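I have placed the structure first, in the form of structure tokens, so that the comments after it can refer back to it.
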Amino acid sequence: ALTDAVINEKLDIVFLRKPAPIHKDVQSLHVLDEPLIVALPSNHPLVEKEGAIHLLDLEPYEFVLYRRLAGQDLFDNILANCYQAGFSPNIVQEAPRLTSSLNLIA
């Protein structure tokens with residue numbers, strides 16, 4: 001829908017999180033890669049861990065994720081990275097908004 005809006009000159013520029021089919025009259029340019037970060041309660045054991053937290057460090061813990069319907073790419077990216085790290089995350093809740101996720105985690 002966003003690329004259609006550019007083609008139909010309703011929008012001048014759009015930002016997409018993943019590659020999308022682009023029309024021959026539309027140019028695309030890779031701008032940045034977004035790192036995944038983890039939000040933890042301030043009293044979580046991993047907060048005190050020295051050095052980087054690796055995805056596999058999160059395996060034993062419960063996950064609260066942004067609802068898949070609201071952020072399919074993000075949800076799928078998190079699951080794919082967990083599977084690639086060798087585990088399936090224990091998703092205990094999905095929240096409708098990122099702020100809701102953060103409040104549940106806190």
Side-chain angles (χ1 to χ4, degrees):
L2 291 174
T3 54
D4 287 343
V6 172
I7 292 165
N8 296 318
E9 299 181 358
K10 293 181 180 176
L11 294 174
D12 294 323
I13 187 171
V14 297
F15 289 90
L16 305 171
R17 281 209 159 135
K18 72 176 191 177
I22 301 295
H23 188 272
K24 64 179 175 68
D25 295 329
V26 176
Q27 296 279 338
S28 67
L29 173 67
H30 179 89
V31 178
L32 61 91
D33 292 313
E34 293 180 287
L36 280 177
I37 61 170
V38 62
L40 302 167
S42 58
N43 62 348
H44 194 281
L46 290 177
V47 170
E48 301 297 322
K49 183 179 187 271
E50 290 190 30
I53 295 174
H54 300 283
L55 196 53
L56 196 54
D57 294 334
L58 302 175
E59 180 182 14
Y61 301 104
E62 297 175 335
F63 281 56
V64 175
L65 296 180
Y66 189 53
R67 185 176 291 154
R68 186 174 192 272
L69 290 175
Q72 180 179 349
D73 293 340
L74 177 60
F75 188 97
D76 291 349
N77 189 16
I78 292 168
L79 263 58
N81 279 280
C82 290
Y83 297 151
Q84 187 175 4
F87 73 99
S88 180
N90 178 17
I91 302 168
V92 295
Q93 190 155 358
E94 293 179 31
R97 292 184 169 70
L98 187 56
T99 53
S100 302
S101 299
L102 293 173
N103 286 329
L104 288 166
I105 292 164

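Quick caveat: nothing in here was measured; it's all calculated off a predicted structure. These numbers come from the heavy atoms of this one structure, side chains and all, not from hydrogens, waters or symmetry mates.
Summarising the geometry of L46 relative to Y61, their closest heavy-atom pair is CD1-CE1, 3.8 Å, with the distance given to 0.1 Å. The two residues C82 and L55 come nearest to each other via the heavy atoms N-CD2, 3.6 Å. Of all non-hydrogen atoms in A95 and L104, the two that sit nearest each other are CB-CD1, 4.0 Å.
Distance CG/L56 to CD/Q84: 12.0 Å, rounded to 0.5 Å. Residue L74 holds its CG atom at 8.0 Å from CG of L98, rounded to the nearest 0.5 Å. In this structure, I13 CD1 and Q27 CD are separated by 12.5 Å, a value rounded to the nearest 0.5 Å. In this structure, OG on S88 lies 9.0 Å from CZ on F63, to the nearest 0.5 angstrom. To the nearest 0.5 Å, atoms CG (L11) and CD (E9) are separated by 11.0 Å. Once rounded to the nearest 0.5 Å, the distance linking OH of Y66 with CZ of R97 reads 7.5 Å.
In the hydrophobic cluster analysis, where Ile, Leu, Val, Met, Phe, Trp and Tyr join through side-chain heavy atoms closer than 4.5 angstrom, L36 is grouped together with I91. F87 and V92 fall into different hydrophobic clusters, defined by Ile, Leu, Val, Met, Phe, Trp and Tyr side-chain heavy atoms under 4.5 Å apart, directly or through other members.
Of the possible polar contacts, none joining the N81 side chain to the I78 backbone as a donor-acceptor pair under 3.5 Å is found.
Within 6.0 Å of CG in D12 there are 12 or fewer heavy atoms belonging to other residues, nucleotides or ligands.
Inter-residue side-chain proximity for P89 and L79 is flagged as met; some heavy-atom pair is nearer than 4.5 Å. Using a 4.5 Å heavy-atom threshold, the side chains of L58 and V38 count as touching.
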